Amino acid sequence: MPKLSVPWENAFAALGNTFSTPVMPEPLPNPRWVAWDAGCAQRLGLQGDAEDFLPLCAGQQIWPGSEPRAMVYSGHQFGHWAGQLGDGRGILLGDLATTPPLDIHLKGAGRTPYSRFGDGRAVLRSCIREYLASRALAGLGIPSSQALGVVVGDEPVQRECTESRAILVRVAKTHLRFGSFEHFFYRNNTQALHQLADFCLARYWPDAPKGVEGYRYLFEACVTATAQMIAAWQAVGFAHGVMNTDNMSLLGETFDYGPYGFMETYDPSFICNHSDDTGRYAFDQQPGVGLWNLQALAHALSPLIPVSQLQETLGRYQPTLVDTYAQWMRKKMGLTQAHENDQPLCSQWLQLLQAAGLDYHLSFHALAGLPQGQDSLLTLVPEAQKASCEAFIRAYGDRLAAEPGAAQAQLQCLREHNPVYVLRNYLAQEAIEAAQAGDFTVVAELAERVSAPFTAVPGQEKYAEPAPAWASELHVSCSS
Ligand code: AMP
Ligand code: MG
């Protein structure tokens, strides 16, 4: 039997049946590993090979010491109160006494009391997408749930067409969501709200004050982490796609990936989810939606924290987001110091990208060597934008002159903050199609590239290419 070097704690299970329900996974027949993240295995303290852990991760055996449970939560979906949701196809195996404590969760492990009309299954396509995204976000330095890997088995699942059933072995600091608190608030269960908040403080913020001060600390930590996470998404061009309150981690980790997308041509109104008709979760809406979601959480916490304190804490969201975004963008522009006119310079740059229809990621690399090597940027820009491009190059040149380091410092800063490898939709699609045909090597190779995205690897140029024409036909939706 494979071993863990740290014990299961099952701290969440110990809270009892108000918060979750014991449930056993439905085994995945004839399982195979599609992807395995050795770094994640190490962080979990797993001792053994991937194959040793396969029956445990495919729901065929129960991990000795774990207490599998489906968690209950509710949430606002697309701006509307959706009532009770819960783990309809996910099972929390338990939490480990690692530092920090980590949850292991099987997504796609079968029906639970919260499945409603769903089949409890996840398909290979969506598990691969979540696996790749969690590697990519972590690679970019953005907090995210992780995944030990993806297992596929011989069980057909009906979506738009017949697909293969798979399980994503998700690892996260918490599986508690904003909707976990909303659930008890809307049921008028203040005692459970207290219990849940006390559990979070003991587990995630053991040094926090006790009582109301502690609850306020919890909310403030959530506001700060959420603002920082969303600022980082905006800087790297990531759109989550389904920012419902049940998909927002209490600890500000990017969580529950569905129809997400990395923006390619710079367009602030980019909508990654084909089912999002109104653009509620469009790229440029994300900062506002983050605040909307935190307001929903604040409302749910109102029996624990005075409203004036909740409002004051919510007031910290925007400055944190703006400040964090400015720090990311400055570095992406190769600037090592903060100057007061950086914000207008950044806006000028983004306006140029939008007007010229340039690729968000490749364009930052074209800042290298400016202002001397201005030809490389000018050649990317259509005739109509040449004048504004020249104006930007002059402004950028003036700004660079105020930097302490030589051109070398700018180059290094650009290289360290602009990825060579971006998880473009078409790359994920190629990896999925290869895996569906039985070849798992593309998933592994792409995962390696996007998890170390700033390091160019000779021979791997194909992963650094912009999307081919056929990619414009790709649509991702909520189907998973
Ligand atoms: P999601 O859109 O994946 O965040 O899921 C929203 C809610 O629907 C959660 O309660 C999920 O557990 C549930 N759900 C999604 N897909 C399924 C499925 N195939 N079977 C059962 N429940 C599901
Ligand atoms: Mg969800």
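Owing to the predicted nature of the structure, the values given are computational and were not obtained by experimental measurement. Just so you know, ligand 1 is whichever comes first in the structure, and atom 1 is the first atom listed for that ligand.
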Among Arg177, Arg89, Lys107, which one puts a heavy atom closest to atom 17 (C) of ligand 1?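 Looking at heavy atoms only, the winner is Arg89.
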Has Asn244 got an N/O/S atom less than 2.8 Å from the Mg ion (ligand 2)?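 Checking the Mg ion (ligand 2) against Asn244, no N, O or S atom falls under 2.8 Å.
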Restricting to N/O/S atoms, is Asp256 within less than 2.8 Å of the Mg ion (ligand 2) or not?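 So Asp256 does bind the Mg ion (ligand 2) by this criterion.
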Is the Lys NZ or Arg CZ of Arg129 less than 6.0 Å from the centre of Tyr257's six-membered ring, within 45° of the axis?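 Verdict for Tyr257: no cation-pi partner in Arg129.
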Is NZ or CZ of Arg177 both nearer than 6.0 Å to the six-membered ring centre of Tyr73 and within 45° of the ring axis?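 Yes - Arg177 lies over the ring of Tyr73, closer than 6.0 Å to its centre and within 45° of its axis.
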Could you identify the single nearest non-hydrogen protein atom to atom 20 (N) of ligand 1 and state the distance to 0.1 Å?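 Here the nearest protein heavy atom works out to Gly120 N, 2.8 Å.
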Give the residue, atom name and distance (to 0.1 Å) of the protein heavy atom nearest atom 12 (O) of ligand 1.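 Result: Gly88 N, 2.7 Å.
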Reference residue Ile271; test side chain to side chain contact (heavy atoms under 4.5 Å, CB included); the match among Thr278, Asp276, Asp277: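 Passing option: Asp276.
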Going by an N to O cut-off under 4.0 Å, is there a salt bridge joining [X] and [Y]?
| X | Y | value |
| --- | --- | --- |
| Asp323 | Arg316 | no |
| Asp256 | Lys107 | yes |
| Glu26 | Arg111 | no |
| Lys462 | Glu445 | yes |
| Asp119 | Arg89 | no |

For ligand 1, is [X] a contact, meaning one of its heavy atoms is under 4.0 Å away?
| X | result |
| --- | --- |
| Ser115 | yes |
| Gly86 | yes |
| Arg159 | yes |
| Gly90 | no |
| Tyr73 | yes |

Would you call the rings of Tyr186 and His76 parallel, tilted or perpendicular if under 30° counts as parallel and over 60° as perpendicular?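 The arrangement is perpendicular - the two ring planes meet at more than 60°.
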State the atoms of ligand 1, each with its element, that fall below the 4.0 Å cut-off from a heavy-atom position in [X].
| X | value |
| --- | --- |
| Gly118 | 18 (C), 20 (N), 21 (C) |
| Leu85 | 10 (O) |
| Arg116 | 7 (C), 8 (O), 10 (O), 13 (C) |
| Asp119 | 18 (C), 19 (N), 20 (N) |
| Asp256 | 4 (O) |
| Asn247 | 4 (O) |

With His194 as reference, evaluate Phe184, Phe199, Tyr215, Phe181 under the ring-ring contact (aromatic ring centres under 6.0 Å, His included) test and give the passing residue.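 Result: among Phe184, Phe199, Tyr215, Phe181, Tyr215 is the only option passing the ring-ring contact (aromatic ring centres under 6.0 Å, His included) with His194.
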For His240 and Gln286, what are the C-alpha separation, side-chain angles and deciding distance, and is it a side-chain contact (heavy atoms from CB on, under 4.5 Å)? CA-CA 8 Å; His240 180 283; Gln286 296 187 129; 3.9 Å; yes
Step by step, work out the side-chain contact (heavy atoms from CB on, under 4.5 Å) result for Cys478 and Asn273. CA-CA 7 Å; Cys478 283; Asn273 177 1; 3.5 Å; yes
Is atom 5 (O) of ligand 1 in close reach of the protein, with a heavy atom under 4.0 Å away?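 So far as the 4.0 Å threshold goes, atom 5 (O) of ligand 1 is out of reach of every protein heavy atom.
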Heavy atom of protein inside 4.0 Å of atom 10 (O) of ligand 1, strictly below: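 It does; a protein heavy atom is within 4.0 Å.
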Report yes if some N/O of Arg121 lies less than 3.5 Å from some N/O of ligand 1; otherwise report no.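 N/O-N/O distance under 3.5 Å: yes.
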